[in-house]
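See structure below.
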Protein chains: 4
Amino acid sequence: MVVAGVNGELRGKQQRGVEAQRALLEAAGAVFARLSYAEARLQDIADEAGISTGSLFFHLGNKTDIAHTVLATQQERMGLVLTEVLERGASTLDKIIGVFDGLAELVASDPLVQGGIRLSLQPATELDVEASTPYQEWVAVAARLVADGQKDGSVRDDIDVALAAELLNELFVGAQVLAGLEDSWQSLPLRVQRGHRLIRGLLAPQRAASSETHS
Amino acid sequence: MVVAGVNGELRGKQQRGVEAQRALLEAAGAVFARLSYAEARLQDIADEAGISTGSLFFHLGNKTDIAHTVLATQQERMGLVLTEVLERGASTLDKIIGVFDGLAELVASDPLVQGGIRLSLQPATELDVEASTPYQEWVAVAARLVADGQKDGSVRDDIDVALAAELLNELFVGAQVLAGLEDSWQSLPLRVQRGHRLIRGLLAPQRAASSETHS
Amino acid sequence: MVVAGVNGELRGKQQRGVEAQRALLEAAGAVFARLSYAEARLQDIADEAGISTGSLFFHLGNKTDIAHTVLATQQERMGLVLTEVLERGASTLDKIIGVFDGLAELVASDPLVQGGIRLSLQPATELDVEASTPYQEWVAVAARLVADGQKDGSVRDDIDVALAAELLNELFVGAQVLAGLEDSWQSLPLRVQRGHRLIRGLLAPQRAASSETHS
Amino acid sequence: MVVAGVNGELRGKQQRGVEAQRALLEAAGAVFARLSYAEARLQDIADEAGISTGSLFFHLGNKTDIAHTVLATQQERMGLVLTEVLERGASTLDKIIGVFDGLAELVASDPLVQGGIRLSLQPATELDVEASTPYQEWVAVAARLVADGQKDGSVRDDIDVALAAELLNELFVGAQVLAGLEDSWQSLPLRVQRGHRLIRGLLAPQRAASSETHS
DNA sequence: CATGAATGAGGTTTCATTCAT
DNA sequence: GATGAATGAAACCTCATTCAT
């Protein structure tokens, strides 16, 4: 059938284009993960992807366009982890910890996400503006979860929700940064795990006190 | 004495040189505080200091030299805060918190230190290597303090020293990074203060439990 | 006849090709009319024609090929106007003025001709050579017409034919250029009309003197 | 005297800078005189001036900056010719013709002015806006002169001032363009001289009719 | 010591042209 | 025939570094 042929061709070409774009993005993320925005050369990205700089421009546009797309994709993937964890049946406190673990796992295994993190931590004049806003969003997410936990009883009542959210965020960001410097995020899941006790101590109801945090 | 006179003159010249160098370093730090290493132009630093690029080279050398000197000076100043706090008569736990407060104050008020922080958080290929080691040193400092606290009884016994040191470091780094993004570190002292309760909850002996952390 | 059929088919195909080529040429002319040769991108032409760059090459070849074809077509169309006007029954002086009017009308209404004008007025290293020769041809045409006018009495005798031809050409070129800058040649017919009196004053026999040129 | 020395040095440096800038501008004008804006490479200009592209940027800035400066300098030089001619004691009609001659001489001998002309005749998207306005100014100048001529009697009364100014402009622009194509403006003074009779025929009072225009 | 003009390598971006589909 | 992804050369621009004054 001609129609089918045409469709197939179109899908084939689109498919190729989309795939190439995805591959290029991964390469870009990997480069931004190990070089600062200004230091990363488009040539590096093109080499990493095995294509020419001309094609790079064709598919992803500007250097700033590339960075923005990496950032957007990173947010998307982190958002996916969030929703996936939230769908699990568990106490809210367990979900909070699950989110940390899930994100740590994602960061440790996905170079594009690593690149996004590096980008969002830099003061790149060319990108700025929305670079820092994601962190505010994550604080909001944390606050919502803590409040939910208070409703279902898995988080103690006498806690300042905003403060707790801020501290959780600082802790995670600190772990991210240090893991990034130390071993390219390979140790992030471990670092997060080592923080479980502190988090439970901070959030869990008083019963047994926060003795878990301690050896 | 003639010799003394000559020495005095020399010292005067050296002095002048040192002062000029110090002023240039401050300018460099301020620039690195708002621009990434690769984005910062030597012209920017020269402009900020009100001198010519030629003089900049004469006094501070290479771009990498400049960055290294900024980093070294930052470490020096942070070290000064540390020793100063440790000399105070107080329980070790109070000293730990005092160090955090002192460093936060320093970071918030000293552009050169801000520049050093930015530099040490970047994956600048040209600098690297020793960039990340300072953080390990601070972890070691924290570990030593926690252990001291256990000896004088201001820190609970049943704690994993290394783990606690790591967590303290992560918390401080996270606060640093987020304060840097949010308002150029102006909010860092406040952020650190808001963490006091969590730290006491983590470290203080069990008596009243960690109820302080909560509102 | 089979042969005829084949021929017809071929002619049909050729016909289609020729039509497509013509449409593409119009698009090319329109682009060259508003962008300099070097600034005009083949992509612009393809977009204007609503086809792909690949097809553009198939039909029109090189960028230089395209420009040359536009120039040739422009000359062709201007030549058509010339022969058409010359076939009218009228005094030679009226024909001269008629040629000016006809060309002005053509330029104002035909984007391809506009493109050709722009191309022939540029010092495009890639094209050059023959770009300027057309103007010499038009001077020759003018000279021939002025001489003819002297023979049929519609042009005064005591005139330097070559000089008059040169001046007529300068006047027309000047009007073209200024109309092009001012409003994309929309005002060219008007500009030429406003020159009628000057031309008649220059060429017409002495009877009433050149009082017509004046208000 | 120290002050004198400092002043001398400053003036020396400034002097050098200004001279270098002037030399570069001349080179830029020469290049724009033979290549279209888009075709002219900064390398060409730097080569013509015997310096590096870096210095070119240092002294003249952007490519657009360079073009704008060339255009401004061209206008300035043409304005100088205008005022110089107008200061001569002569009838207004003679001044009008004197302006044409003076400008023709300038154009023929000054490569920077030639470059300015080429630039102002191109539809360079990057420059546009003020590129075409100079011509309107010259029409205004012509109109003023023609009106002045009517007052002192050197120009006939029964003439449409605006129309005459427009025609004079067209004639000069046409001569410019054709002389540029033919022999890089070397023939422009001659071309303008050959137009003297036509101009006098157009503007001079009726007495002897415009018989001068004719051989 | 200080200045700022000069350099040149290197980065980003553009675009004519080709070719597999 | 038609498409558009791919290429690579070349253009513009930036900036660390040097050096004559």
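Note on naming: letters A, B, ... go to the chains in the order of the sequence lines (proteins, then strands), and numbering restarts at 1 for each one. Excluded from the calculations below are hydrogen atoms, water molecules and symmetry mates; all remaining heavy atoms, backbone and side chain alike, are included. Since this is a predicted model, take the numbers as computed values, not measurements.
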Check the pair D:Asp44 / D:Arg41 against side-chain contact (heavy atoms from CB on, under 4.5 Å), numbers first and verdict last. CA-CA 5 Å; D:Asp44 294 333; D:Arg41 298 171 308 147; 2.7 Å; yes

For B:His59 and E:dC1, is the shortest distance between a side-chain N/O and OP1 or OP2 below 4.0 Å? no

So which atom in C:Phe32 and which in C:Ala67 form the shortest heavy-atom distance, rounded to 0.1 Å?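 Minimum heavy-atom separation between C:Phe32 and C:Ala67: CE1-CA, 4.1 Å.
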
To check you understand the geometry: which heavy-atom pair defines the closest contact between D:Ser184 and D:Gln114, and what is its length?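 In this case the closest contact between D:Ser184 and D:Gln114 is O-NE2, 4.0 Å.
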
Gap in Å between the two P atoms, one belonging to F:dT21 and one to E:dC1, rounded: 22 Å

Rounding to an integer number of Å, can you tell me how far [X] [atom1] sits from [N] [atom2]?
X	N	atom1	atom2	result
A:Phe58	F:dA9	CZ	P	20 Å
B:Gln21	E:dA2	CD	C1'	16 Å
C:Leu60	E:dA16	CG	P	14 Å
D:Leu56	E:dA5	CG	P	14 Å

Runs of at least three consecutive Watson-Crick or G-U pairs, both distances under 3.5 Å, are what I'm after; which ones involve DNA chain E? E:2-21 with F:2-21

Would you say the side-chain atoms of [X] pair up with the backbone N or O of [Y], donor to acceptor, closer than 3.5 Å?
X	Y	value
D:Gln122	D:Tyr37	yes
D:Ser36	D:Glu39	yes
C:Thr73	C:Thr69	yes
D:Ser120	D:Gly116	yes
A:Gln75	A:Pro134	no

Just by protein heavy atoms under 4.0 Å, how would nucleotides 10-17 of chain F read 5' to 3' in B, S and -? -SSSBSSB

Using the side-chain heavy atoms of B:Ser52, tell me which of these nucleotides is nearest: E:dG4, E:dA6, F:dT3.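 Nearest to the side chain of B:Ser52 among the choices is E:dG4.
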
Heavy atoms from C-beta onward define the side chain here; which of F:dT7, E:dA5, E:dA2 lies closest to that of A:Ile51?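 Output: F:dT7.
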
Side chains of A:Leu56 and A:Leu60: closer than 4.5 Å at any heavy-atom pair? yes

